[in-house]
Structure formats: structure tokens, C-alpha cells
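Throughout, protein chains are lettered first and strands after them, A, B, ... in sequence-line order, and every chain is numbered starting at 1. Keep in mind that this is a model prediction, so the values were computed, not measured.
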Number of protein chains: 2
Amino acid sequence: MPKDLGHELQRYPRTGRFLLGRLRGAMGEDEKQLVEDLIEHEEELAGDGLIVRRGAECSRSTILIEGFARRVIERNGYRHIVGLQVPGDFIDLQAFALKRLDHDLYTLGPVRIGRVSHARLNKVLAARPHLARLLWFSTLLDAAIHREWILKLEHLNAAERVAHVFCEICQRLEFVGLGSKSGFSLPLTQAQLAEMCGTTTVHMSRALRRLREATGVTFRHGKLECDDPAALIRYCEYDPSYLYGPGDLQFSGRDYAD
Amino acid sequence: MPKDLGHELQRYPRTGRFLLGRLRGAMGEDEKQLVEDLIEHEEELAGDGLIVRRGAECSRSTILIEGFARRVIERNGYRHIVGLQVPGDFIDLQAFALKRLDHDLYTLGPVRIGRVSHARLNKVLAARPHLARLLWFSTLLDAAIHREWILKLEHLNAAERVAHVFCEICQRLEFVGLGSKSGFSLPLTQAQLAEMCGTTTVHMSRALRRLREATGVTFRHGKLECDDPAALIRYCEYDPSYLYGPGDLQFSGRDYAD
DNA sequence: CGTTCCCTTGAGTAGTTTCAATACTTGTGG
DNA sequence: CCACAAGTATTGAAACTACTCAAGGGAACG
């Protein structure tokens with residue numbers, strides 16, 4: 001929970017959540033302003049639409065200002081979710097280095113996004129190695145989350161997996177100042193939860209019931225009600241350190257000293 | 001299969017395999033030389049040893065010159081493999097931006113590694129944004145592989161998962177000029193294969209038997225014998241495009257034009 | 001030549017999938 | 001405002017996949 005959230009959002013209305021709760025403290029005000037100024041224009045998308053298609057050549061990247069997004073891989077007729085994004089995430093900054101994404105990016109409910117051209121990004125980053133390193137960091141955060149998902153899929157059963165998803169989203173929302181004690185809206189269907197937990201819709205329904213009975217956490221119609229987050233955390237033995245917030249992996253230095 | 005492999009390895013004996021088969025073609029000779037010169041010293045490690053511990057503050061990174069490595073997450077008494085690395089991989093370049101890794105890196109059999117200090121890396125990258133972008137690219141390759149593993153775990157059964165691991169390793173070895181028609185040494189036990197396929201050793205043994213009966217591919221005592229790679233690829237519907245080699249995600253431009 | 005680690009097999013159990021049927025929610029048009 | 005359709009969620013039963021526990025066989029190393 002950042003203490004000066006109001007300040008950040010007032011001063012940087014579009015990118016004030018970027019790296020918030022993680023390395024935002026290592027960004028100078030000049031760097032924050034540079035990032036804010038990167039955004040060339042804003043768009044609002046209604047819901048469940050494509051943001052970036054796999055294989056398309058990208059000349060710009062997207063930052064998620066409000067709302068959620070999902071990373072999807074489709075192949076041979078099956079479709080799976082391999083990642084979720086929350087407000088403040090620079091969701092396809094990877095495309096700056098990769099040029100083409102290996103997966104699709106879709107919105108999850110209505111979103112507000114900002115677009116950043118790679119030409120501009122390139123100019124800024126060439127002149128600002130420290131900022132470049134911070135942006136690099138932010139893309140590696142996604143990789144760390146991927147690793148945790150691998151672990152989750154290798155080790156947990158269906159009910160624990162979905163508990164893990166809820167824990168992660170709670171934590172990430174808290175980082176960017178959108179935490180909530182009692183619950184929040186998360187515009188996902190059970191079918192989509194199943195797609196990201198490697199199970200079927202039918203089984204996901206049963207897993208959610210089990211989770212509800214064990215922890216009191218209710219997920220229905222895109223709303224998560226969670227009176228006792230600690231129970232959820234206990235249920236899947238959740239450890240948020242991989243998100244590089246406060247904790248044993250935290251790197252709080254104002255600068256990369258090497 | 002790079003055509004001028006001999007040349008690369010002769011001229012750049014320690015880093016000649018870096019990005020080979022992928023974006024190495026986009027590196028200038030000056031950039032290749034800079035990378036080669038980054039290596040401050042070389043080490044040989046006997047086998048199954050720790051390279052980097054989770055949470056340790058890193059002031060240098062490691063490139064894998066020969067041999068294999070694995071990414072491991074240990075938690076609450078269980079242990080899982082979340083990634084494999086092959087020769088040419090800059091295995092903990094992430095630490096340059098992350099400072100601390102969220103997982104452990106272990107060797108897999110005997111290896112030869114090169115060490116690169118972050119101070120030096122920082123100087124070079126500040127002056128060379130194009131090279132910085134290429135190194136960034138290489139870390140994102142790992143993220144793409146993670147996503148494919150997530151997909152693999154979400155969608156495939158045990159036998160298909162291990163087939164997928166074999167396909168991926170074959171393909172990555174081929175990129176760096178270590179491909180082989182009939183098979184190769186891969187110093188893994190069935191227990192470790194199980195750790196990366198989210199199953200048990202007992203079940204892995206059965207899965208390997210099923211795979212053997214279906215495709216003729218034999219894995220025993222750290223050796224893969226694979227007379228018919230196409231059968232393996234068919235068995236798990238393997239699609240290597242996520243590795244960003246030749247294919248529909250390839251970006252072959254000499255430069256990042258934006 | 002025995003110890004150790006690795007691999008294999010069997011049998012019972014737990015977790016997951018599949019197919020099929022039923023209910024609830026939401027949005028739309030009459 | 002109600003009826004309807006489409007999408008979403010729940011339940012049951014049977015089949016299947018994977019896990020666990022347990023025991024035995026094989027290779028490698030001193």
C-alpha cells in the first residue's frame with residue numbers, strides 16, 4: 001500500500017500505477033514524467049476485445065491504465081490463458097524487444113489503455129539507461145509470474161490453483177493501490193478460470209465450491225468476495241515474494257549501483 | 001542450423017552460441033566482440049551444483065558455454081523445475097535488472113560457464129542501446145518459453161509433457177549447432193523429468209514407457225535416443241515458433257527500425 | 001560385491017474428465 | 001413487464017488418469 005498514492009495519480013494520471021509497490025520508488029520524478037509523456041494517446045475499449053494479435057508486427061506498446069487483460073495462446077483448436085494483467089502493467093512492452101508477440105492479448109471487461117510508439121521509446125531509452133533498466137525489470141516481473149504459474153500448475157490441485165490466482169490478483173491490486181478488504185470485481189467466467197488453471201469448467205465449478213466451503217471465499221459472476229484473505233493464503237500456501245514487492249527479494253535502492 | 005557455426009565458434013569461443021539461430025544475425029561483429037569481451041573469467045563445474053541461489057544479491061551474471069542448467073523453485077519442502085537452459089544461454093542475465101532471483105539455478109551435469117560483472121555490463125549497455133535491446137530480447141525468450149510451459153502443463157498429459165520437453169531441447173540444441181539426428185546426452189533423471197512435468201517419478205516411468213511404445217523414443221540413464229523426431233513432434237503437437245527461430249514470429253531485421 | 005541410486009511394476013485410492021441434464025442470469029425484443 | 005434466448009453455473013454418475021504406498025529389479029560406483 002503506497003503512502004502517496006494520491007500524489008502519484010494526480011501527478012501521473014496515466015502511468016502513476018506503473019511499478020507501484022515495486023520499483024516505482026527507484027524512479028526519479030524526471031523518469032516518471034518521461035514515462036507519462038511516452039503515452040501518445042489513450043483509448044477506451046468496451047470489453048473482451050483483442051488488444052494485440054500474436055505474430056503481428058508491433059511498432060507500439062500498450063500500458064493498462066484501468067481494467068484487466070489476459071494473455072491467451074490458441075493452438076490447434078484449444079485455447080488457454082497464460083497470464084493476467086492489472087492496472088499499471090505495461091502489458092506488451094515485450095514487443096519493443098521481441099517485435100512480434102507469441103500470444104494474443106485480450107481485454108477482460110472494459111479497459112482504458114495508453115499507447116506508446118517504439119520510435120519514441122527507443123529515443124528515450126537510448127538516452128536513459130537507468131530508465132531502460134527499470135522497464136527491463138518490469139518485463140522480467142512477468143517472467144517471474146510465469147514461473148510461479150508453472151510451479152502452481154506443477155504442484156497444486158484445481159481448488160488450490162484458483163485460490164492462488166485470487167491471492168495473486170489481490171496482492172497485485174494492493175500494490176497499485178486498488179486493494180480492498182472485502183472483495184472486488186474481476187470480470188472472469190468460470191470457463192476462463194478453468195482455462196488458466198488447466199482444468200474443465202465443470203471441475204472449476206466444483207473447485208470453487210470446495211474453496212468456498214474451506215475458506216468462505218465466494219466467486220460468482222465476476223465478483224470475488226473475500227472476508228478472510230488469510231484463509232485463502234493458507235489454503236494454497238501462497239507466498240507473494242515472487243512479485244518483488246516488499247520482502248526478501250526486494251531491491252529498494254534508489255539506483256542500480258552494480 | 002547456422003551455416004557459419006565454425007566461424008562463430010572460432011572467433012567467439014565463449015559466446016559464439018549466444019542467440020545463435022535466433023537474433024544473432026542481427027548482431028554486428030562489433031557487438032559480438034563486446035559480448036565476448038564481457039566475460040571476465042571462465043569456470044568449470046563438475047555436476048549438479050548450485051550456480052545462483054534465490055534471493056542472493058547478484059553483482060554478476062552467468063553465460064552457459066557448455067552443458068545444461070535448470071531453474072528450480074523450492075518451497076515448503078517441495079521442489080520443482082521451472083526451466084532448462086542449454087549452451088549459449090545467458091542464464092541469469094535477468095539478475096542485471098532484478099538484482100535478486102526468485103529461484104535457484106543449478107547445473108545439470110558438468111558445465112563450463114563464463115561470468116560477467118554487472119558494472120561492466122552497465123557501462124557497455126549504457127553506450128550501446130541496440131545491444132541492450134538484444135540482451136533484453138534474450139531474457140524475453142525465457143519468458144516465452146515459460147508461457148509455453150504453462151500451456152504444456154495446462155493442456156497436455158504426462159507423456160505428452162515429457163515429449164514436449166524433449167522436442168524443445170532438441171530444437172534449442174539445433175539452434176546452437178548441437179543438433180543430432182539420432183539422439184543426445186541429457187543428464188536428467190526420471191525424478192527430475194517428473195519435477196518439470198508436474199507429476200511423480202512413478203508416473204513418469206509409465207509415461208516414458210507409453211511414449212516409447214508410441215514413438216520409439218527412448219530415454220534411459222540420461223540419454224535420449226530419437227530415431228524419428230517427427231513422431232515425437234506429432235505426439236505432442238509441438239510447434240517451436242515460440243522460440244523465435246525461423247518461423248512466423250521471426251524478426252530478421254539487421255536493426256530495430258521501430 | 002555390496003551399497004546406493006534409479007527405474008519398473010502392481011494394486012488400491014484420490015482427483016479429474018466426460019457426458020448429460022437442469023437451473024440460474026443477463027440482455028433483448030415484443 | 002414478461003418471454004425468450006444465450007451464456008453461465010451446478011449437479012450426478014461413470015470412466016479415466018494420476019497418485020500413493022509398497023516391493024522388487026537393474027545399473028553404477030567404490
Side-chain angles (χ1 to χ4, degrees), chain A residues 46-49 70 77-81 106 108-110 152-166 185-214 217-225 235-236, chain B residues 46-49 70 77-81 106 108-110 152-166 185-214 217-225 235-236:
Chain A
D48 275 53
R70 61 190 197 272
Y78 58 89
R79 187 186 61 182
H80 286 287
I81 295 177
Y106 284 90
L108 211 54
K152 165 185 97 181
L153 290 163
E154 285 177 343
H155 184 249
L156 304 180
N157 65 27
E160 292 162 341
R161 286 178 194 176
V162 73
H164 187 284
V165 169
F166 293 155
S185 163
L186 181 65
L188 281 165
T189 64
Q190 289 192 6
Q192 289 172 324
L193 282 175
E195 275 174 20
M196 77 183 75
C197 291
T199 184
T200 57
T201 44
V202 173
H203 196 58
M204 182 48 64
S205 171
R206 295 191 236 261
L208 285 169
R209 175 155 53 94
R210 216 156 16 113
L211 186 63
R212 198 182 317 131
E213 288 163 2
V217 169
T218 314
F219 181 84
R220 251 197 276 262
H221 314 121
K223 298 241 177 321
L224 184 74
E225 278 166 40
Y235 188 78
C236 60
Chain B
D48 275 53
R70 62 190 198 270
Y78 59 88
R79 188 185 62 183
H80 286 286
I81 295 176
Y106 284 90
L108 212 54
K152 165 186 97 180
L153 290 163
E154 286 177 343
H155 184 248
L156 304 180
N157 66 27
E160 292 162 341
R161 287 178 194 176
V162 72
H164 187 286
V165 169
F166 292 156
S185 163
L186 182 65
L188 281 165
T189 64
Q190 288 192 7
Q192 289 171 324
L193 283 174
E195 276 173 20
M196 75 183 74
C197 291
T199 185
T200 57
T201 44
V202 173
H203 196 59
M204 182 46 66
S205 170
R206 294 191 236 261
L208 284 170
R209 175 155 53 92
R210 209 146 33 104
L211 186 63
R212 197 181 321 130
E213 287 164 3
V217 169
T218 314
F219 181 83
R220 250 198 277 261
H221 313 118
K223 297 239 177 324
L224 185 74
E225 277 166 40
Y235 188 78
C236 60

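- When the side-chain nitrogen and oxygen atoms of B:Arg212 are compared with OP1 and OP2 of C:dT8, one or more of them lie within a distance under 4.0 Å.
- Between the CD atom of B:Gln190 and the C1' atom of C:dT9 there is a distance of 13 Å, rounded to whole Å.
- In this structure, B:Tyr106 and B:Ile81 have side chains that are not in contact, with every pair of non-hydrogen atoms separated by 4.5 Å or more.
- Picking from C:dT9, C:dT18, D:dC19 the nucleotide with the shortest atom distance to the side chain of B:Val202 gives C:dT9.
- Residue B:Arg220 contributes atom CZ, which lies 12 Å from atom P of D:dA28 at whole-angstrom precision.
- Residues B:Phe166 and B:Leu211 meet the side-chain proximity criterion, which asks for heavy atoms closer than 4.5 Å.
- For B:Thr199 and D:dC19, the shortest distance from a side-chain N or O to OP1 or OP2 is below 4.0 Å.
- OP1 or OP2 of D:dC19 sits under 4.0 Å from a side-chain N or O of B:Thr200.
- Rounding to whole angstrom units, CE of residue A:Met204 and P of D:dA9 are separated by 11 Å.
- Side chain B:Arg206 to base D:dT20: a donor-acceptor pair is found below 3.5 Å.
- Between the CD atom of B:Glu195 and the P atom of C:dC6 there is a distance of 11 Å, given to the nearest Å.
- With rounding to whole Å, B:Asn157 atom CG is found 15 Å from D:dC19 atom C1'.
- The nucleotide whose nearest atom lies closest to any side-chain atom of B:Ser205 is, among C:dT8, D:dA18, C:dT25, C:dT8.
- Contact record, B:Thr201 with B:Ala194: N-CB, 3.8 Å, taken as the closest heavy-atom pair.
- Residue A:Gly198 is in sugar-phosphate contact alone, with no base atom involved, counting any heavy-atom pair closer than 4.0 Å across all strands shown.
- When all heavy atoms of B:His164 and B:Lys152 are compared, the pair lying nearest together is ND1-CD, 3.5 Å.
- Across the protein-nucleic acid pair, B:His203 atom NE2 and D:dT17 atom P stand 9 Å apart, rounded to whole Å.
- Spacing between atom CZ of B:Arg210 and atom P of D:dT17 amounts to 7 Å, rounded to whole angstrom units.
- Distance, A:Leu193 CG to D:dT10 P: 11 Å, rounded to whole Å.
- Between A:Arg209 and D:dA9 there is no side-chain polar atom (N or O) within less than 4.0 angstrom of OP1 or OP2.
- For the pair A:Arg210 and A:Asn157, the tightest heavy-atom approach, listed with the atom from each and the gap, is NH1-ND2, 4.2 Å.
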